[in-house]
**Q** 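After the structure tokens below, expect a handful of questions from me.
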Amino acid sequence: MQLSSIAERIGATLIGDGNLEIKRIANLKTAQAGEISFLSDPRYREVLSQSAASAVIVREADVPHIGQKAALVTPDPYVAFAKTAQLLDTTPPIAVGVHPTAVVDPTATLGKDVALGAHVYVGPHAVLGDGVQLGPGVTIGQGTKIGAYTKLYANVSVYHDVSIGEHCLIQSGSVIGGDGFGYANERGRWLKIPQTGHVKIGNFVEIGACTCIDRGALDDTIIEDNVIIDNLCQIAHNVIIGSGTAVAGGTTFAGSVKIGRYCIIGGTSVFNGHITICDQVTISGMCMVMRSIDKPGIYSSGIPAQSNKEWRLTASRVLHINEMYHRLADLEKKVQALSAAPTAKQD
């Protein structure tokens with residue numbers, strides 16, 4: 001694309017030659033002629049001045065450091081970088097046309113320009129909106145509805161009666177609508193409780209590879225609009241994740257957790273069942289969240305990595321915390337008693 005066209009599309013101010021042909025986006029250090037890069041951290045201004053990129057995306061304050069390069073000036077270079085990367089994206093389509101091995105039930109409904117890869121299965125009464133792309137081996141269960149321009153990569157399995165909105169992206173190997181982990185125990189024998197709820201996913205949701213979203217036990221599991229979920233996450237039955245929330249990889253939500261809007265969940269965090277997290281909460285990575293949170297803010301838990309010697313000493317002391325607590329309580333009582341005792345008068 002011409003640099004002037006990129007500037008217009010992302011709403012940036014152009015400095016320099018707008019006729020430059022930009023082939024791709026690149027790292028500031030390794031960029032070459034015909035490539036565009038960006039600077040979002042002023043600490044790397046020296047790298048900016050030395051970069052061989054044909055053009056850079058910068059804030060107004062960084063313009064004096066661009067040298068002879070062309071620039072796109074914007075208040076948020078990282079957001080502008082994301083938009084430029086979308087314009088120059090070379091990712092191939094997930095599927096083109098309908099592969100001869102695809103199986104579509106006669107009662108299913110397909111919109112315009114639907115693309116189905118090899119060995120796709122679309123079940124009875126399923127509905128695929130316009131421009132939906134399903135990669136090889138995708139399975140769509142009975143009665144499931146998928147909104148326009150949503151894309152599912154290879155081997156995604158979507159069970160029956162699931163609803164997925166428009167412009168969603170689901171990476172390979174994910175399972176949407178599998179049974180929640182619901183059982184009753186009758187004298188040592190596990191009795192399965194049929195999971196009769198659904199999964200409802202909003203618009204502009206992205207789900208990483210091999211993530212599992214279980215269907216509700218009675219009510220629905222709900223992922224609201226504009227949620228992004230990383231790889232290898234487990235979302236149990238009846239979980240609700242509010243719009244604009246981001247969930248990093250390996251996170252586990254037990255049943256009936258409710259996450260508010262615009263939360264940020266660090267990787268490999270674990271949420272106890274039946275708790276509620278309010279809007280605008282940030283959870284640091286590897287947190288164990290056992291209770292509800294009703295105030296926005298940043299929450300953390302866990303112990304940073306230590307040498308094995310330090311960790312063994314810490315663990316040994318943790319085992320004696322209860323004993324130390326009672327000893328400290330006894331000492332406090334004795335100090336309070338001494339403080340309350342009358343002071344002898346001096347002659």
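Just so it is clear, the values below take in all heavy atoms, side chains as well, and ignore hydrogens, waters and symmetry mates. Counting from 1, the numbers follow the sequence of the chain as shown.
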**Q** Under 4.5 Å between any side-chain heavy atoms of Leu48 and Val56, yes or no?
**A** yes
**Q** Tell me the side chain to side chain donor-acceptor pair (under 3.5 Å) pairs involving residues 171-189, sequence neighbours left out?
**A** Asp179-Lys192
**Q** Got a second to check how far Ser339's OG is from Lys334's NZ, nearest 0.5 Å?
**A** 14.0 Å
**Q** Among residues two or more places apart or on two chains, list those pairs meeting side chain to side chain donor-acceptor pair (under 3.5 Å) that have a residue in residues 229-239.
**A** Gln195-His237, Asp214-Gln234
**Q** I would like to know whether Tyr44 and Leu39 meet side chain to side chain contact (heavy atoms under 4.5 Å, CB included); could you show each step before the answer?
**A** CA-CA 7 Å; Tyr44 297 99; Leu39 177 74; 3.6 Å; yes
**Q** For atom NZ of Lys200, decide whether the heavy atoms of other residues, nucleotides or ligands shown that lie under 6.0 angstrom number more than 12.
**A** no
**Q** Just verifying a value: how many Å separate Asn19 CG and Asp17 CG, rounded to the nearest 0.5 Å?
**A** 5.0 Å
**Q** Could you tell me whether the side chain of Ile265 reaches within less than 4.5 Å of the side chain of Ile241, counting heavy atoms only?
**A** no
**Q** Between atom NZ of Lys83 and atom CD of Gln86, what is the distance when rounded to the nearest 0.5 Å?
**A** 8.5 Å
**Q** Quick check: do Gln133 and Pro93 have side-chain heavy atoms less than 4.5 Å from each other?
**A** yes
**Q** Short question: side chain of Arg261, backbone of Gly242 - any donor-acceptor pair under 3.5 Å?
**A** no
**Q** Should Ile213 and Ile223 count as side-chain neighbours, where that means a heavy-atom distance under 4.5 Å?
**A** yes
**Q** Same cluster or not: Ile222 versus Val257, using hydrophobic residues (I, L, V, M, F, W, Y) connected whenever any side-chain heavy atoms lie under 4.5 Å apart?
**A** no
**Q** What pairs of donor and acceptor atoms, side-chain ones from residues 58-68 against any protein atom, are under 3.5 angstrom apart with sequence neighbours left out?
**A**
| from | atom 1 | to | atom 2 | distance (Å) |
| --- | --- | --- | --- | --- |
| Arg59 | NE | Pro75 | O | 3.4 |
| Arg59 | NH1 | Ser40 | O | 2.9 |
| Asp62 | OD1 | Arg45 | NE | 2.5 |
| Asp62 | OD1 | Arg45 | NH2 | 2.9 |

**Q** Can you tell me if Glu21 has over 12 outside heavy atoms packed within less than 6.0 Å of its CD?
**A** yes
**Q** Using 0.5 Å steps for rounding, measure from the SG atom of Cys212 to the CD1 atom of Ile176.
**A** 8.0 Å
**Q** Would a 4.5 Å heavy-atom cut-off, applied to side chains only, mark Thr139 and Val158 as touching?
**A** no
**Q** Do you know which two heavy atoms are closest between Ser37 and Asn27, and how far apart they sit?
**A** OG-C, 3.4 Å
**Q** Quick one: does Thr150's side chain have a donor or acceptor within less than 3.5 Å of a partner on His167's backbone?
**A** yes
**Q** Within the distance-only criterion (no hydrogens, no angle test), does the side chain of Arg215 pair as donor or acceptor with the backbone N or O of Gly177 below 3.5 angstrom?
**A** yes
**Q** Which pair of non-hydrogen atoms, one from Ser54 and one from Gly34, has the smallest distance, and what is that distance?
**A** OG-N, 2.6 Å
**Q** Check Ala95 against Gly117 and note the closest heavy-atom contact, atom names and distance.
**A** CB-N, 3.6 Å
**Q** Looking at side-chain heavy atoms only, is the closest gap between Val227 and Ile229 below 4.5 Å?
**A** yes
**Q** Please determine if Asp130 and Lys112 form a salt bridge, counting it only when a charged side-chain N lies under 4.0 Å from a carboxylate O.
**A** no
**Q** Contact between Leu116 and Val104 at the side-chain level, heavy atoms closer than 4.5 Å - yes or no?
**A** yes
**Q** Apply side chain to side chain contact (heavy atoms under 4.5 Å, CB included) to residues Val205 and Ile164 and explain how you reach the verdict.
**A** CA-CA 9 Å; Val205 171; Ile164 300 174; over 6 Å; no
**Q** Quick one: closest heavy-atom pair of Ala248 and Gly267, and the distance?
**A** CB-N, 3.4 Å
**Q** If two hydrophobic side chains count as joined below 4.5 Å and joins carry through other members, does Tyr153 share a cluster with Val114?
**A** no
**Q** Looking only at non-hydrogen atoms, find the nearest pair between Gly141 and Ala126 and report the distance.
**A** O-CB, 3.9 Å
**Q** Side-chain donor-acceptor contacts of residues 268-278 below 3.5 Å, not counting sequence neighbours, with atom names and distances?
**A**
| from | atom 1 | to | atom 2 | distance (Å) |
| --- | --- | --- | --- | --- |
| Ser269 | OG | Gly266 | O | 2.9 |
| Ser269 | OG | Ser284 | O | 3.3 |
| Ser269 | OG | Cys287 | N | 3.4 |
| Asn272 | ND2 | Met290 | O | 3.4 |

**Q** Rounded to the nearest 0.5 Å, what separation is found between the OG1 atom of Thr144 and the NE2 atom of His198?
**A** 9.5 Å
**Q** Please say yes or no: joined through hydrophobic side-chain contacts below 4.5 Å, possibly via intermediate residues, are Leu128 and Val199 part of one cluster?
**A** yes
**Q** Please assess Val132 against Tyr149 for the test side chain to side chain contact (heavy atoms under 4.5 Å, CB included), listing each intermediate value before the final yes or no.
**A** CA-CA 5 Å; Val132 166; Tyr149 306 106; over 6 Å; no
**Q** With Val122, which of Asp105, Val103, Leu134 fulfils side-chain contact (heavy atoms from CB on, under 4.5 Å)?
**A** Leu134
**Q** Within a 6.0 Å radius of atom OH on Tyr299, are there more than 12 heavy atoms belonging to other residues, nucleotides or ligands?
**A** yes
**Q** If hydrophobic clusters are built from ILVMFWY residues whose side chains come within less than 4.5 Å, do Leu152 and Tyr159 share one?
**A** no
**Q** Which Ile, Leu, Val, Met, Phe, Trp or Tyr residues join Met286 in one cluster when any pair of side-chain heavy atoms under 4.5 Å counts as a link?
**A** none
**Q** Should we count CD1 of Ile298 as having more than 12 external heavy atoms under 6.0 Å?
**A** no
**Q** With side chain to side chain donor-acceptor pair (under 3.5 Å) as the test, would you mind laying out the steps for Ser307 and Glu310 before giving the verdict?
**A** CA-CA 5 Å; Ser307 69; Glu310 291 173 318; 3.2 Å; yes
**Q** Using the rule that two of Ile, Leu, Val, Met, Phe, Trp, Tyr join whenever any of their side-chain heavy atoms come within less than 4.5 Å, decide whether Ile264 and Val289 are in one cluster.
**A** no
**Q** Answer yes or no: is there a side-chain heavy-atom contact under 4.5 Å between Ile235 and Phe253?
**A** yes
**Q** Grab the two heavy atoms, one from Ile201 and one from Ile207, that are nearest each other, plus how far apart they are.
**A** CD1-CD1, 3.9 Å
**Q** If I take atom CD1 from residue Ile293 and atom OG1 from residue Thr282, how far apart are they, to the nearest 0.5 angstrom?
**A** 10.0 Å
**Q** Stepwise, does the side chain to side chain contact (heavy atoms under 4.5 Å, CB included) test hold for Asn203 with Glu166?
**A** CA-CA 5 Å; Asn203 302 319; Glu166 299 180 355; 3.7 Å; yes
**Q** Under 3.5 Å, is there a donor on one side chain and an acceptor on the other for Ser5 and Glu8?
**A** no
**Q** When clusters are formed from ILVMFWY side-chain contacts under 4.5 Å, directly or step by step, what else is grouped with Leu20?
**A** Met1, Leu3, Ile6, Ile10, Leu14, Ile22, Ile25, Ile36, Phe38, Ile57, Leu72, Tyr78, Phe81, Leu87, Leu88
